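Let me begin by presenting the structure, written as structure tokens, before commenting on it.
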Amino acid sequence: MNINLDPSRDDLPLMANTSHILVKHYVLDLDVNFESQIIEGTIVLFFDSGNKFRKKSSSTEETCRPESNEACKFRMLEPCHISVTNTRTFSSKMGYNDFAICGKGEKDTSGKDGNHDNWKLASEISSSKYCCDTGNHGSEDFLLVLDCCDLSVLKVEEVDVAAVPGIEKFTRSPKLTVVSELRNQIVRELVTLPADRWREQLDCYARCSQAPGCGELLFDTDTWSLQIRKTGAQTAPDFPHAIRILYRTKPQGRSVTWTSDQSGRPCVYTMGSPINNRALFPCQEPPVAMSTWQATVRAAASFVVLMSGENSAKPTQLQEGYSSWHYYVTMPMPASTLTIAVGSWTEMKPETYSSNDLAAERRSFSPSEADFRCVGVCGHVEYPCRFQNASAATQEIIPHRVFAPVCLKHTCQETLLRLIPPCLSAAHSVLGTHPFSRLDVLIVPANFPSLGMASPHIVFLSQSTLTGRSHLCGTRLCHEIAHSWFGLAIGARDWTEEWLSEGFATHLEDVFWAKAQQLAPSEAQEQQELRAVLRWRRLQDEVRNSPEEMQVLRPNKEKTGHVSDSGSSLIKHGLNPEKVFMQVHYLKGYFLLRFLARKLGDDTYFSFLRKFVHTFHGQLILSQDFLQMLLENIPEEKRLELSVESIFRDWLESSGIPQPLQTERQAGAECVLVRQVGVEVAKWNRMNRRPRKRKRKEKEVLEKLLPDQLVLLLEHLLEQKTLNPRTLRSLERTYHLPQQDAEVHTGPYSRATCVLHALKQRSHFSKVLKCLPRWFFSLQCLFLSTFLSRLVSRTPGFESSVCQALELWSPQTAHRISSSCSVCQQLEGGP
């Protein structure tokens, strides 16, 4: 695959040649500089080239077969307590529980392009060779390709792991005389240590990451990748298995967002999407490259560093007003799941503890003290798995912390803190063992472009979830918790199959939330039917207003999961700006799972789901893995004409509304909650048609509505030809819209009612925008973007008017929209 991609395409390239060599562990050592808005430091990568590249294989080493349908499986580990020391040198006295922090990298000797000038040594190499399909080249050198963009790479060197005191115990063949072979054998032994030596393994990674360099490596960068080679290393097994990269991020890097929190203090966080983490550190981004990591991050002492990590890190004070934070993950996962956030966060603690909270704390346990015994029950390779530990299996509520700007302390205590325990407990009651040992929840800055994001051990939530009642906060929290199982512990082997993550999380959020509220079965069923109606309306609108090719859940069809010989691939529509606003993977995936659950019955379906989780946790899957196992568990008489092929055809490989869903929705009877909304809509329509002066006896008696009912009411009212200003003001007063959940007043339609009404009346948009109430501009930016993009797409030639109107609100926003390609992009800022 040529790295000179067509810029007009919207596919995201995954360039790493993972079929030849795999990263098994990353050691990051980073400094966060808010003045320059740069993260800089080093990353050490430990590789395994796989059995098929070795002259002699060992029975204890894992084999990765990218061409196989079986997901590559990696050993996972449990955490230990880490004592961090501030040193750059080795010490033979360093114990297995001591981790040392890498010192500062060498001074920047790069040119203006950010690249070290050692590539001049290889100027005779033709650029045409730098493609992903680079493995064995006969007389040519092996080329390592990493995913990388928006980074300044300063230096790449081989790490002399053989110089680490005591490391000689990892040399299986003492007769080896070639030093490079000795180093690679040490790393191969290190990455394949058995599970009961995980403490030793983490310590050795840390000590090896500090070893001196033993020769610079040639490298070059292009738009999407970093290519590295060593003269004379012609195959992947010959290539250095431990390398150090000195680099720095760029302020405009697309993986990192520099901004201010709600208190006006500087902060930075990573989104991981749409280009994932390649602008945070050079890495292998294909999902098959599952790895572990550990990171030391330094920042000014006033900042808190949160990160994907199994340990609840505490700061180590350094000299000159700086602190360091150390995190580690021993469960191999794709590098794209790593998340970091640095800011002046405050840990929010409940003012009082309930008896239930105290009981939950007593039930919790330290993962490092757990007795993990791998008995070969799980489907993955040996590792200290929580699913095989009796204490973890019964732990309903895992240890958790909440962080936010101090200005949101009261709101967090009132809303979020009390919701986490019941939501965690509900998830456990449905799916069983929590895959991760702890959870941090961070309320991210106002410009965060979605309601939430889940990563290993940490969840980001938008402050929009904290407004109004607890409904939106609870449902969104349940959605992100569901990703612990679907999206993280069980990942999609092909990223185009997003429904395997988002469809499951959307379906499970309703189930978790009903159990968290302790609703009666009939009440839970009613509320879930109401949400199904809302999602049905959104899916219909999505299908009407999006390109057909982006409505397909399995766009690669029979080629799903296939990669090039090197392991590189393209994520279809991965860079399409409109994809950010689409919910088709959420909605069609949700309706497919709802359809299947009805076929089996809830009890049978969720019993199967627990079995599926136990079978596939720690692995990567494709759609057929789930569907084949599901159909095997459906009694013959209930299958009817269901098959993997028919589900692919009707649900996953076609655009538009699936025919089975169309039939179901047409035949379905409305639930009580939906009928109540219909009655209220009729009342408002009568009020809207009445003249300004009316008799008192004609006053309508309006019923109290649930948040989801209110969303449905507003969507129905939007369908009316006109809504007079008096009706709009009455709606705001009656339902206290500014105080409602953000889902009510930030829906793609509901809070835009007045704007759409004015548009239908051909009013000048800028005048309308002036008159909108201030709460309109507290729209979460994703929803406002969605609304504006649809407004523009439905009204040719209207884009310039939108931009002129937005100048009244935010010149920066207007500039971002006017510079985009006819579809509104992510908006930032506020009034």
Side-chain angles (χ1 to χ4, degrees), residues 3 12-30 39-49 64 66 72 74 132 143-156 159 187 191 205 209 217 219-228 236 239-250 253-256 270-297 307-309 327-329 331-340 455-456 488 491 495 563 566-569 571 574 620:
I3 61 174
L12 173 67
L14 300 181
M15 306 296 288
N17 51 346
T18 54
S19 294
H20 300 142
I21 193 167
L22 284 171
V23 178
K24 300 296 296 245
H25 190 79
Y26 297 93
V27 179
L28 295 98
D29 186 75
L30 303 174
I39 299 174
E40 61 182 333
T42 63
I43 181 171
V44 177
L45 293 75
F46 295 87
F47 296 98
D48 186 8
S49 55
C64 179
C72 295
F74 298 84
C132 289
L143 187 69
L144 171 69
V145 181
L146 299 176
D147 294 293
C148 171
C149 75
D150 298 339
L151 294 177
S152 294
V153 179
L154 311 176
K155 180 180 179 182
V156 182
V159 178
V187 176
V191 300
Y205 279 138
S209 71
L217 303 177
F219 70 90
D220 193 12
T221 60
D222 56 36
T223 303
W224 291 113
S225 69
L226 166 65
Q227 308 108 31
I228 305 170
F239 188 81
H241 281 32
I243 66 172
R244 181 185 294 114
I245 302 172
L246 176 66
Y247 76 98
R248 62 165 58 115
T249 65
K250 297 181 180 179
R254 285 166 282 177
S255 297
V256 183
T270 57
M271 272 295 297
S273 177
I275 66 163
N276 304 310
N277 281 326
R278 67 183 70 185
L280 176 64
F281 60 94
C283 57
Q284 290 182 331
E285 292 226 305
V288 71
M290 297 170 71
S291 60
T292 56
W293 59 77
Q294 61 199 88
T296 298
V297 182
M307 190 176 175
S308 302
Y327 286 93
Y328 58 89
V329 163
M331 176 180 177
M333 282 171 287
S336 59
T337 62
L338 183 151
T339 296
I340 184 172
S455 298
L488 296 175
W495 277 342
V563 296
S566 73
S568 61
S569 61
I571 305 302
L620 302 173

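By convention here, the first residue in the shown sequence is residue 1. Values in this document were obtained by computation on a predicted structure and should not be read as measured data.
Annotation: side-chain contact (heavy atoms from CB on, under 4.5 Å) contacts of Leu30 (sequence neighbours excluded): Leu28, Ile39, Tyr247. In terms of the side-chain hydrogen bond (donor to acceptor under 3.5 Å, both in side chains) criterion, Ser308 has no residue partners (sequence neighbours excluded). Listed by chain and residue number, Tyr26, Phe281, Cys283 satisfy the side-chain contact (heavy atoms from CB on, under 4.5 Å) test with Ala335 (two or more places apart in sequence, or in another chain).
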Go through Leu12 and Trp224 one step at a time and tell me if the side-chain contact (heavy atoms from CB on, under 4.5 Å) criterion holds.
CA-CA 9 Å; Leu12 173 67; Trp224 291 113; 4.1 Å; yes
Test Val563 against Val288 for side-chain contact (heavy atoms from CB on, under 4.5 Å), laying out the working first.
CA-CA 11 Å; Val563 296; Val288 71; over 6 Å; no
Should Ile245 and Thr42 be marked as a side-chain contact (heavy atoms from CB on, under 4.5 Å) after you check the CA-CA gap, both sets of side-chain angles, and the distance that decides it?
CA-CA 5 Å; Ile245 302 172; Thr42 63; over 6 Å; no
Test log, rule side-chain contact (heavy atoms from CB on, under 4.5 Å), inputs Ile275 and Cys149:
CA-CA 9 Å; Ile275 66 163; Cys149 75; 3.6 Å; yes
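Taken from OG in Ser209 to CZ in Phe46, the straight-line distance is 5.5 Å, to the nearest 0.5 Å. With rounding to the nearest 0.5 Å, the separation of CZ in Phe219 from CD in Gln227 is 11.0 Å. In this structure, CD1 on Ile243 lies 9.0 Å from CD1 on Ile43, to the nearest 0.5 angstrom.
Minimum interatomic distance between Pro282 and Leu146 (heavy atoms only, all atoms of both residues): CB-CD1, 4.1 Å. Contact between Ser225 and Val145 at its shortest, heavy atoms only, is CB-CG1, 3.9 Å. The minimum heavy-atom distance between Pro286 and Thr18, with the atom names listed, is CG-CG2, 3.9 Å. In this structure, Leu14 and Glu285 approach most closely via the heavy-atom pair CD2-CB, 4.0 Å. The two atoms that bring Leu338 and Asn277 nearest to each other are O-ND2, 2.8 Å, heavy atoms only. Summarising the geometry of Lys24 relative to Asp48, their closest heavy-atom pair is CG-CB, 3.6 Å, with the distance given to 0.1 Å.
Listed for the Thr270 side chain is no donor-acceptor partner under 3.5 Å among the backbone atoms of Ser255. Using a distance-only test at 3.5 Å, with no hydrogens or angles considered, no donor-acceptor pair links the side chain of Ser49 to the main chain of His20. Of the possible polar contacts, none joining the His25 side chain to the Val23 backbone as a donor-acceptor pair under 3.5 Å is found. With hydrogens and angles disregarded, no donor-acceptor distance shorter than 3.5 Å links the side chain of Ser566 to the backbone of Asn17.
The only option from Arg278, Arg248, Arg254, Lys250 that meets the salt bridge (Lys or Arg N to Asp or Glu O under 4.0 Å) definition with Asp150 turns out to be Arg254.
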